[in-house]
Amino acid sequence: MMQQYFALKREAEGCLLFYRMGDFFELFFDDARQAAAILDIALTSRGEHDGQPVAMCGVPVHAAEGYLARLIKAGCRVAIAEQVETPEEAKQRGGYKALVARDIVRFVTPGTLTEDALLEPRRSNVLTAVCEVRGTIGIAACDISTGRMELEECAPETAGAALARLGASEVVAPEGWETAPEDAVLRPREDFGSDAGEARLKALHGVATLDGFGSFTRAMLAAAGGLVAYLEHVGRGNLPFVQPPAARSGQASLAMDEATRTSLEILSSQQGSRAGSLIAAVDRCVTGAGARQLADDLGAPLLDRSAIESRLTLVQWLHDDPLLRADLREVLRALPDIGRALGRVVAGRGSPRDLGQIRDGLAEARRIGDFLSAKPDRPVLLEQLLPAMGGHGALVDLMQRALVVSPPTERSQGGFIAEGYDAALDELRGISGNARRAIAALEGRYRQETGISALKIRHNGVLGYFIEVPARHGDLLMAPDSGFTHRQTMAGAVRFNSLGLHEEAGRIAEAGGHALAAEEAHFEDLTERVVEVRLRIADTAAALARIDVAAGQAERAAEGGWCRPRITEDTTLSIEAGRHPVVEAALAGAKSGSGERFVANDCNLSHDDRLWLIGGPNMGGKSTFLRQNALIVVLAQAGGYVPADSATIGLVDKLFSRVGASDNLARGRSTFMVEMVETAAILAQAGERSFVILDEVGRGTSTYDGLALAWAVVEAVHSRNKSRCLFATHYHELSRLAESCDALTLHHVRAREWRGELVLLHELAEGPADRSYGLAVAKLAGVPREVVSRARSVLDRLEQARSETGGLAAGLGDLPLFAAAAHALHEDRIDPVRQKLDLLDVDALSPREALDILYSLKRLVNETEA
Ligand code: ADP
């Protein structure tokens, strides 16, 4: 057995191996240790290998899904090895001691799930393949649960942003590729050939050319090849549902890199949960498919004005008619998830219940379509969606006749084909029904004949039907001429058979077997019909999701008094009474009594006033203001209403959001280093159509460094990138930039000290902040009175010194723009001794090492001086 196990384990390549033994999947060795720890189940041992006991743990087959879900969540991949013959077949093949043959029938990996229990209803589950072809990156992405596939090509610099947008749960990349994403699953290089990829796609969709689907570059095809090859590998040759690929241009959506997505908390909060994210504050979808579509929309806001407008017009149509919206949402709410049911059916893992869901979903889609078609003034987008809502009449009809009202998830027990669909099946059911009645009659007769009123005819999986009497009556039936034959003696009962019972039971078994086979054949047939029209069913699912998104957006807008944004092609960003949807909801939801209400603020950027420098006290609302404007851009370009009284948004091509280091200390690398790397990316990529928010950038280092960097970054964004930008800072000194940067204006969040108490007004006003209120904030935070007053006297001293010397930024006023460049050479000269000392971890040195280093430092000094 171990030999077979090891062979399978080798094939499983880094996956945990679920080894089927009877009613259990067993895991051995390290697999067992790892799984037992994750699943918190008992670790036992079985036999020995190389003189060591073999660690083992197991999960029951019928409950395997739940355990799989937890392993996948923990980041494992699992190979499932099933028995592929019965023990009888094994004996026939190899004699009495033969081992049942086993084979890996499937790999379960995070990106290739279809089971409802393993998927989150409101989140897409994306698998991506990435590779490089002659300096460009190809990305193929597929949501196996619904079959959607997208191909994209981009430059190496923007690949990170593209992958961040996709948020894949599993990434596949070629072996030996140096810049492969860190946690990628590596697959053979050959899988990622563009010719092979093209051939695979053609074979998959049975076409001679891919032209009908769009035009694809070599990098796209190579990635697609890698993806399909991986799917084949994982399904052991069984391919899941994959729709024809759509080419996606990297320029089709608002570019946001990973740091921006994280800091704006678009699909998940910094803590990694959905709660507290933008989508949680916006999502009013009533179907899982709608919620997934909304996540896609918010993750990839559009750049095309007319596409945005057409989404907005649909939202407005539903917004302006609350009754229509309510009716529509009511019916949508009851819809089954046909997209995912379809995914399972096409992957060959469908159940009768999945077919039932497709039937009900399609029938409902048709009714929704009819209902909407009857309404006047339909928006263009709706007109485009309506045809996909119907057209399944014949299939729905067939499935309505064929399937019972609520088909079971278990297919092997039968009972899902409706009465009246197949006369032969009905007859078989009649036979077993009659036989069951006959058996009931037999029980009465035997009771009478034997006089044993406690006699029962029962059934179990081992014996089939049998007659049971209490032990004390056993002898009576044991008599040779009783007509009963003994089968089993239990503690309190004795079991018998009889000729009559045997015959009836035989009828049931035979008819039942035939009935099951008939149902199975019908199941196959229905599955095939669904598979045939899978693309049209997927279209219907997508249309329903799009309508749900629009209705949900309309609902959210109505709830919060949001407005339809005006989209323009210039570089305006004008928002009146804007709000932060998450903070506003949090304030509204907080214990009433705090009396806090969200204070709406305006933002008014244009080409000539494109950079706002925002000062004011900590906790004053600077970050909130920055982010609310970025979020409004995301919402608007995703085609939804925005939390403001009015908004005019000049299309943004790239959105950047950065937060000064000390806000996310949780990261491992030097946080200041991260801050600078991320800032560098903005300076390299942002352009005139971009929108940048920078929150206390420069804070992660000493005051002088920080101020100097912040100064230089503001200058560069203003004069080189020329992007629209909101820059929050507590460095007063930066206000002097207004003198040299003509499109920069000063703003602050207002605060007041009232009877010695600080009152934060969360209100944005023009002009520089008068002071920082740091001590007042400290007092507000509960720093002891003595400490605050001590700080007050220190501050007085500092301020006195500042007014005498001209302060921290003395002399900066006449620093010409980019004058720094001239000094660059000088500043960049590195002192090797200092560098070496910087890198030293003194505590980790042995005395001997310390001495060696001293010698080498001395040598260095001599060399540099020479
Ligand atoms: P800063 O960046 O200036 O330190 P934040 O933007 O982090 O300040 O805001 C601090 C807190 O103030 C927020 O958590 C929120 O509770 C509250 N707040 C911010 N903006 C507003 C606003 N416009 N209206 C009401 N409360 C606000």
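Atoms within each ligand, like the ligands themselves, are counted from 1 in listed order.
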Notebook entry, point to check: Looking only at N/O atoms, are Asp695 and ligand 1 under 3.5 Å apart anywhere?
Noted result: no
Next item on the list: Report yes if some heavy atom in the side chain of Leu318 is under 4.5 Å from a heavy atom in the side chain of Gln553; otherwise report no.
Entry: no
Next item on the list: Mark up the atoms of ligand 1 that fall under 4.0 Å of a heavy atom belonging to Leu587, in ascending order.
Entry: 25 (C), 26 (N)
Next item on the list: Give the residue, atom name and distance (to 0.1 Å) of the protein heavy atom nearest atom 13 (C) of ligand 1.
Entry: Thr624 OG1, 4.2 Å
Note to self: At less than 4.0 angstrom from any non-hydrogen atom of Arg597, what atoms of ligand 1 do you find?
What the structure shows: 24 (N), 25 (C)
Next item on the list: Could you find the nearest protein heavy atom to atom 15 (C) of ligand 1 and give me its residue, atom name and distance?
Entry: Val583 CG1, 4.0 Å
Notebook entry, point to check: Quick one: does ligand 1 sit under 4.0 Å from the side chain of Ala600, the backbone, both or neither, non-hydrogen atoms only?
Noted result: neither
Note to self: What I want to know is whether Phe598 and ligand 1 share at least one N or O pair that is separated by under 3.5 angstrom.
What the structure shows: no
Check: Within less than 4.0 angstrom of ligand 1, does Ala586 place any heavy atom?
Finding: no
Check: Which residues pass the salt bridge (Lys or Arg N to Asp or Glu O under 4.0 Å) test with Glu584, sequence neighbours left out?
Finding: Arg579
Checklist line | salt bridge (charged side-chain N to carboxylate O under 4.0 Å, His left out) assessment of Glu559 paired with Arg556 | finding: CA-CA 5 Å; Glu559 230 174 71; Arg556 182 65 186 89; 3.7 Å; yes
Notebook entry, point to check: Any idea which atoms of ligand 1 are less than 4.0 Å away from a heavy-atom of Asn618?
Noted result: 4 (O)
Check: Looking only at protein heavy atoms, which one is nearest to atom 4 (O) of ligand 1, and how far off is it?
Finding: Met619 N, 2.7 Å
Check: For atom 24 (N) of ligand 1, what's the nearest protein heavy atom and its distance?
Finding: Val599 N, 2.8 Å
Next item on the list: Kindly state whether the ring of His319 and the ring of Tyr641 have centres lying under 6.0 angstrom apart.
Entry: yes
Check: Would you say the side chain of Leu655 lies within less than 4.5 Å of the side chain of Val634, judging by non-hydrogen atoms?
Finding: yes
Checklist line | Any side-chain heavy-atom pair of Leu267 and Arg123 under 4.5 Å | finding: no
Notebook entry, point to check: Would you say the side chains of Arg658 and Thr260 form a donor-acceptor pair under 3.5 Å?
Noted result: yes
Margin query: Side chains of Leu726 and Leu694, heavy atoms from C-beta outward: is any pair under 4.5 Å?
Written below: no
Next item on the list: Run the numbers for me: atoms of ligand 1, each under 4.0 Å from some heavy atom of Pro617, listed by number.
Entry: 3 (O)
Notebook entry, point to check: Among protein heavy atoms, which sits nearest to atom 26 (N) of ligand 1, and what does the distance come to when rounded to 0.1 Å?
Noted result: His762 CD2, 3.3 Å
Item checked: Heavy atom of the protein closest to atom 2 (O) of ligand 1 (residue, atom name, distance) -> Ser623 OG, 2.5 Å
Next item on the list: Could you list which atoms of ligand 1 come closer than 4.0 Å to a heavy atom of Gly621?
Entry: 1 (P), 3 (O), 5 (P), 6 (O), 8 (O), 9 (O), 19 (C), 20 (N)
Next item on the list: Taking the side chain as every heavy atom from C-beta outward, state whether Arg736 and Trp711 have any pair of such atoms under 4.5 Å apart.
Entry: yes
Checklist line | Among Leu631, Leu587, Asn601, Leu626, side-chain contact (heavy atoms from CB on, under 4.5 Å) partner for His580 | finding: Leu631
